[in-house]
Amino acid sequence: MKSGERQKVVRLVVLTAAMLLLSAGAARGEYLEVMEKAVRICLECIGIG
């Protein structure tokens, strides 16, 4: 296997793994927890929270 071909395979594997993990997190509702924390941090920064 050539270096360029191997690099393409590695990129594809990493991209596939990232998509699977993002999908799993979205299915579990993790994005809601991340958003709540972001809002809390933002409000603390401007002194409201």
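Since we're looking at a predicted model, the values are computed, not measured.
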Can I get a per-line list of side-chain donor-acceptor pairs under 3.5 Å for residues 7-21, giving both atom names and the distance, sequence neighbours left out?
residue	atom	partner	partner atom	Å
Thr16	OG1	Leu12	O	2.8

TODO: Would you please test Arg40 and Glu44 for salt bridge (charged side-chain N to carboxylate O under 4.0 Å, His left out) and show each step?
DONE: CA-CA 6 Å; Arg40 215 172 306 127; Glu44 287 177 6; over 6 Å; no

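Not a single salt bridge (Lys or Arg N to Asp or Glu O under 4.0 Å) links Lys2 to another residue, sequence neighbours left out.
Here salt bridge (charged side-chain N to carboxylate O under 4.0 Å, His left out) pairs that include residues 13-28, with residues two or more places apart or in two chains, are Arg28-Glu30.
Cluster membership for Val39 and Leu32, using ILVMFWY side-chain heavy atoms within less than 4.5 angstrom, is not shared.
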